[in-house]
Amino acid sequence: MEDVSLFAIAINGIFVKNFLLVQFLGLCSFLGVSKETKSATGMSAAVMFVMIMASTAAFLIYTYLLQPFGLTFLSTISFIIIIAALVQLVEFIIRKYSPPLYRSLGIFLPLITTNCAILGVVILNVRLEYGFIESIFYGFTAALGYTMVMLLMSAIREKTSVLNVPAPVQGIPHAFFITSLLSMAFVNFFGVIRT
């Protein structure tokens, strides 16, 4: 692994390689739950918890179980099982302590299991050969980037809900249009496209 500072990992996780607007991972929950800020906040907290815990557990299992026994070909299925178990835990906690949030998240809460942003973080941790601290930190900063974009999108969608948007482009088409503009702003501002 090349020597990467935590600052570089943070900038990559939050801005330069933002999972939603640059890598386009985790878009189903992004578009589905970003209608209201309250739901977006709850989903972001759940994704942040799962990303950090999945990064931790995946590092330990990959480093101390899969690699020593030559079972790295099982890494993807192992990561999916870890993420599914963590999502079940989050679903149980939210259902028990915040039923209104549980109802507002609806089907998108169990779908965190198939959120490719979380699986992407875990796989990138292995592929980039991050150590224990770097893996957790990358999971945290990627979740921070996810949260930032989710709250930004929900604020924009709430504000634009009072606009007179033509009927054919209301709903998901309007959300895609806003997402496209945000993505172009992120990509150009952070210099992902070389000129």
Side-chain angles (χ1 to χ4, degrees), residues 4 7-52 54-55 76 79-80 83 87 90 101 103-125 127-128 137-195:
V4 182
F7 180 73
I9 291 173
I11 295 299
N12 275 336
I14 297 171
F15 300 112
V16 177
K17 294 179 181 172
N18 185 287
F19 275 84
L20 288 173
L21 295 180
V22 177
Q23 300 190 49
F24 302 110
L25 296 174
L27 287 180
C28 58
S29 61
F30 173 64
L31 293 173
V33 182
S34 62
K35 291 178 195 164
E36 298 174 0
T37 303
K38 186 178 178 186
S39 301
T41 305
M43 176 59 83
S44 298
V47 166
M48 183 174 282
F49 175 79
V50 174
M51 267 192 190
I52 294 170
S55 296
T76 303
F79 299 157
I80 291 172
I83 292 167
V87 169
V90 168
L101 178 61
R103 283 191 295 276
S104 71
L105 292 176
I107 189 65
F108 294 104
L109 185 59
L111 281 180
I112 294 175
T113 304
T114 58
N115 189 329
C116 43
I118 296 171
L119 186 60
V121 166
V122 174
I123 289 176
L124 280 175
N125 280 337
R127 205 167 272 168
L128 297 172
F137 193 68
Y138 187 59
F140 172 70
T141 56
L144 215 53
Y146 181 94
T147 300
M148 180 187 67
V149 172
M150 187 72 119
L151 293 178
L152 182 65
M153 181 69 166
S154 66
I156 292 171
R157 287 183 79 178
E158 280 186 355
K159 289 290 181 189
T160 57
S161 67
V162 295
L163 296 177
N164 191 14
V165 178
V169 291
Q170 287 180 355
I172 292 297
H174 189 235
F176 269 119
F177 179 72
I178 296 169
T179 304
S180 301
L181 293 177
L182 284 173
S183 179
M184 285 191 287
F186 258 66
V187 168
N188 287 315
F189 186 77
F190 295 107
V192 176
I193 295 176
R194 295 182 183 163
T195 56

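Just so you know, these numbers use all the heavy atoms, side chains as well, and skip hydrogens, waters and symmetry mates. Each residue takes its place number in the sequence, starting with 1.
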_Any side-chain to backbone donor/acceptor pair from Arg157 onto His174? Under 3.5 Å, distance only._
no
*Is the closest side-chain heavy-atom distance between Leu21 and Val187 below 4.5 Å?*
no
*Distance in Å, Thr160 OG1 paired with Phe177 CZ, rounded so as to fall on 0.5 Å steps*: 10.5 Å
*asked:* Nearest 0.5 Å, please: how far is CD1 in Ile118 from CD1 in Ile52?
replied: 11.0 Å
*What are the two closest heavy atoms between Gly32 and Lys35, and how far apart are they?*
O-CE, 4.3 Å
_Any side-chain heavy-atom pair of Ile83 and Val50 under 4.5 Å_ = yes
*What closest approach, in Å, do Val122 and Ser55 show between heavy atoms, and which atom pair accounts for it?*
CG2-N, 4.3 Å
*asked:* Rounded at 0.5 Å granularity, tell me how far CZ in Phe176 sits from CG in Leu181.
replied: 13.5 Å
*Determine which pairs satisfy side-chain hydrogen bond (donor to acceptor under 3.5 Å, both in side chains) with at least one residue from residues 138-151, sequence neighbours left out, and list them in order.*
Ser29-Tyr146
*Using side chain to side chain contact (heavy atoms under 4.5 Å, CB included) as the criterion, list what pairs up with Ala117, not counting sequence neighbours.*
Phe19, Leu25, Met51, Asn115
*Phe30 and Val149: which non-hydrogen atoms are nearest, and at how many Å?*
CE1-CG1, 3.6 Å
*If you look at every heavy atom in Ala175 and Leu31, which pair is closest and at what distance?*
CB-CD2, 3.8 Å
Can you give each donor-acceptor pair under 3.5 Å made by side-chain atoms of residues 162-169, sequence neighbours left out, with the distance rounded to 0.1 Å?
none

*Which atom pair, heavy atoms only, marks the closest approach of Ala142 to Val121?*
CB-CG2, 3.7 Å
*Could you pull out all residues at least two apart from Asn18 that satisfy side-chain hydrogen bond (donor to acceptor under 3.5 Å, both in side chains)?*
none
*Can you measure from CG (Asn125) to CZ (Phe137) and round to the nearest 0.5 angstrom?*
12.0 Å
_Just so I know, are the side chains of Leu182 and Ile156 near enough to count as touching, which here means a heavy-atom distance under 4.5 Å?_
yes
*How would you list all residue pairs meeting side-chain hydrogen bond (donor to acceptor under 3.5 Å, both in side chains) that involve residues 176-186, not counting sequence neighbours?*
none
*What distance separates Ile123 CD1 from Thr76 OG1, expressed to the nearest 0.5 Å?*
4.5 Å
Under 3.5 Å, sequence neighbours excluded: what are the donor-acceptor pairs made by side chains of residues 38-46?
unit_1 : atom_1 : unit_2 : atom_2 : d
Ser39  : OG     : Ser104 : OG     : 3.4
Thr41  : OG1    : Thr37  : O      : 2.7
Ser44  : OG     : Ala40  : O      : 2.7

